[in-house]
Amino acid sequence: YKYKRKAAGKISSSMASSLCAGMVFLILLSLSNGSTRSKSFDFFLLAQEWPPAICKAYGNGTALGAGLDAARPDEECQEPPDWTSNPRWTIHGLWPATEYKRGPSYCNDSYPFNITDLQDLQAQLEYDWTNLFAGSDPYSLWKYEWVKHGTCAMGVDFLDDQRDYFEATLDINQEFNAYEALADVSIFPSASKTYNLTDVLEALTDNYGVKPALECKTSEADEQYLMQVYVCFDKTLSPFDCGDFAYVVSPCRYDEPAKYMNSF
């Protein structure tokens with residue numbers, strides 16, 4: 001014991017250098033691990049938005065409540081292509097998420113958005129993943145979604161580049177047609193009619209084969225209206241029942257009816 005205490009009581013310069021180097025390594029390793037943890041996620045959310053509701057909440061000069069990250073309240077809204085003959089829910093995004101939050105976000109700034117990689121998908125993107133704000137760059141929504149969410153989805157092997165991310169999102173969206181699911185049970189957009197949200201959720205669940213999550217917004221007249229539907233997917237893009245997770249920013253009040261807006 002005397003020898004150990006004596007040895008411990010005096011540290012040579014070479015040992016001190018080794019200890020310092022070790023501490024630097026541990027600090028760097030800790031920072032690296034922290035960075036990795038911040039990019040981890042558990043599943044994906046496919047966010048489908050109802051364009052008239054998005055425009056009411058975030059366009060045409062109004063912004064009600066807490067805004068979306070990409071809200072542009074001073075810009076005029078525009079209808080998606082072929083809207084009159086084919087009204088539909090459009091894509092907001094495919095988002096990595098955990099049980100407790102949306103995110104991670106902005107994971108890799110070394111992969112900037114490049115529209116040239118999507119040229120053969122552009123027509124479908126304009127149709128199904130429409131930028132509703134007429135005054136903005138036509139590619140701004142896709143750029144925003146890629147930089148914020150797509151760069152984090154790259155952690156999954158088959159989504160490791162921009163084209164794969166957008167193509168996969170377009171493909172899975174085709175399997176979940178919210179407009180048809182609701183129309184099948186006579187739930188149609190209306191200027192005045194309201195609907196029981198339990199009926200809305202049941203119709204979507206029956207059609208989708210899994211339980212989605214709903215997001216609503218409340219008007220200045222304290223009337224809630226249906227705004228977004230979330231479909232949950234695991235990391236193989238297999239759908240599963242959504243739970244009561246914290247990613248729903250504006251949860252619906254199921255004890256009150258909701259509007260399904262019919263105009264912009």
Side-chain angles (χ1 to χ4, degrees), residues 44-64 66-96 102-103 105-154 159-179 189 215 217 225-231 249 261-264:
F44 287 104
L45 293 170
L46 173 65
Q48 300 175 308
E49 61 186 18
W50 181 236
I54 291 291
C55 286
K56 179 174 177 60
Y58 304 112
N60 299 329
T62 64
L64 304 174
L68 296 173
D69 290 338
R72 300 179 179 87
D74 296 326
E75 296 182 5
E76 291 297 315
C77 266
Q78 60 186 352
E79 294 179 352
D82 196 29
W83 175 259
T84 302
S85 61
N86 187 22
R88 62 198 176 278
W89 292 67
T90 57
I91 300 169
H92 186 166
L94 182 67
W95 306 335
R102 299 176 184 175
S105 303
Y106 303 105
C107 292
N108 195 334
D109 59 9
S110 65
Y111 287 88
F113 179 76
N114 184 357
I115 188 59
T116 59
D117 291 343
L118 305 175
Q119 285 183 343
D120 61 326
L121 297 177
Q122 189 169 336
Q124 188 180 359
L125 286 166
E126 290 172 351
Y127 194 84
D128 290 324
W129 203 329
T130 310
N131 176 12
L132 300 172
F133 299 98
S136 61
D137 185 302
Y139 310 142
S140 60
L141 175 60
W142 310 331
K143 178 180 179 180
Y144 179 85
E145 292 298 313
W146 167 250
V147 172
K148 184 174 182 180
H149 303 291
T151 56
C152 301
M154 293 176 72
L159 298 176
D160 63 356
D161 65 34
Q162 179 180 274
R163 182 184 172 81
D164 288 343
Y165 171 76
F166 284 98
E167 189 169 24
T169 305
L170 289 168
D171 286 347
I172 60 174
N173 183 65
Q174 296 297 314
E175 302 298 319
F176 299 91
N177 190 320
Y179 188 88
E215 188 163 29
K217 206 68 177 172
Y225 52 93
L226 189 59
M227 186 174 70
Q228 295 200 111
V229 172
Y230 297 105
V231 190
V249 174
M261 297 178 58
N262 73 331
S263 62
F264 285 82

| field | Derivation and outcome, side chain to side chain contact (heavy atoms under 4.5 Å, CB included), residues H92 and E145 | value | CA-CA 8 Å; H92 186 166; E145 292 298 313; 3.6 Å; yes
| said: Can you see whether Q228 engages Y230 through a side-chain donor-acceptor pair at a distance of less than 3.5 angstrom? | reply: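 Judged by distance alone, the side chains do pair up.
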| query | Does a donor on one side chain sit under 3.5 Å from an acceptor on the other, for Q48 and N173? | reply |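 Note: Q48 and N173 side chains meet the donor-acceptor criterion.
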How far does [atom1] of [X] sit from [atom2] of [Y], to the nearest 0.5 angstrom?
| X | Y | atom1 | atom2 | answer |
| --- | --- | --- | --- | --- |
| C77 | Y58 | SG | OH | 12.0 Å |
| D160 | N108 | CG | CG | 11.5 Å |
| E167 | D117 | CD | CG | 12.0 Å |

Where [X] and [Y] come nearest, the two heavy atoms and their spacing:
| X | Y | answer |
| --- | --- | --- |
| M261 | P189 | O-CB, 3.3 Å |
| L159 | A153 | CB-O, 3.7 Å |
| C107 | T151 | N-OG1, 3.2 Å |
| P51 | T90 | CG-OG1, 3.7 Å |
| Q78 | F264 | O-CE2, 4.0 Å |
| T169 | Y165 | OG1-O, 2.8 Å |

Does some side-chain heavy atom of [Y] sit less than 4.5 Å from a side-chain heavy atom of [X]?
| X | Y | answer |
| --- | --- | --- |
| M154 | D161 | no |
| L94 | L45 | no |
| E79 | L132 | no |
| L118 | Q162 | yes |
| N131 | S140 | yes |
| P81 | T130 | yes |

| request: Not counting sequence neighbours, which residues clear ring-ring contact (aromatic ring centres under 6.0 Å, His included) with F113? List them please. | output: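 F113 satisfies ring-ring contact (aromatic ring centres under 6.0 Å, His included) with no other residue.
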May I ask you to check whether [X] and [Y] place their ring centers less than 6.0 Å from one another?
| X | Y | answer |
| --- | --- | --- |
| Y111 | W146 | no |
| W89 | W129 | no |
| F166 | W142 | no |

| task | Test I91 against L170 for side chain to side chain contact (heavy atoms under 4.5 Å, CB included), laying out the working first. | result | CA-CA 8 Å; I91 300 169; L170 289 168; 3.9 Å; yes
| query | Which is it for E215 and W50 under the side chain to side chain contact (heavy atoms under 4.5 Å, CB included) test, yes or no, and what are the steps along the way? | reply | CA-CA 10 Å; E215 188 163 29; W50 181 236; over 6 Å; no
| query | Hey, is CG on D109 packed in by over 12 heavy atoms from elsewhere, all under 6.0 Å? | reply |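 Atom CG in D109 is not packed in, count stays at 12 or less.
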| Is it true that atom OH of Y179 has more than 12 heavy atoms of other residues, nucleotides or ligands lying nearer than 6.0 Å? |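 Buried by this count: over 12 neighbours within 6.0 Å.
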| said: For D120, give me all partners under salt bridge (Lys or Arg N to Asp or Glu O under 4.0 Å), at least two apart in sequence or on another chain. | reply: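 With sequence neighbours excluded, D120 shows a salt bridge (Lys or Arg N to Asp or Glu O under 4.0 Å) to R163, given in chain and number order.
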| said: Strictly distance-based, threshold 3.5 Å: is any side-chain N or O of R88 a donor or acceptor partner for the main-chain N or O of A178? | reply: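 Flag not set: sc R88 to bb A178 has no pair under 3.5 Å.
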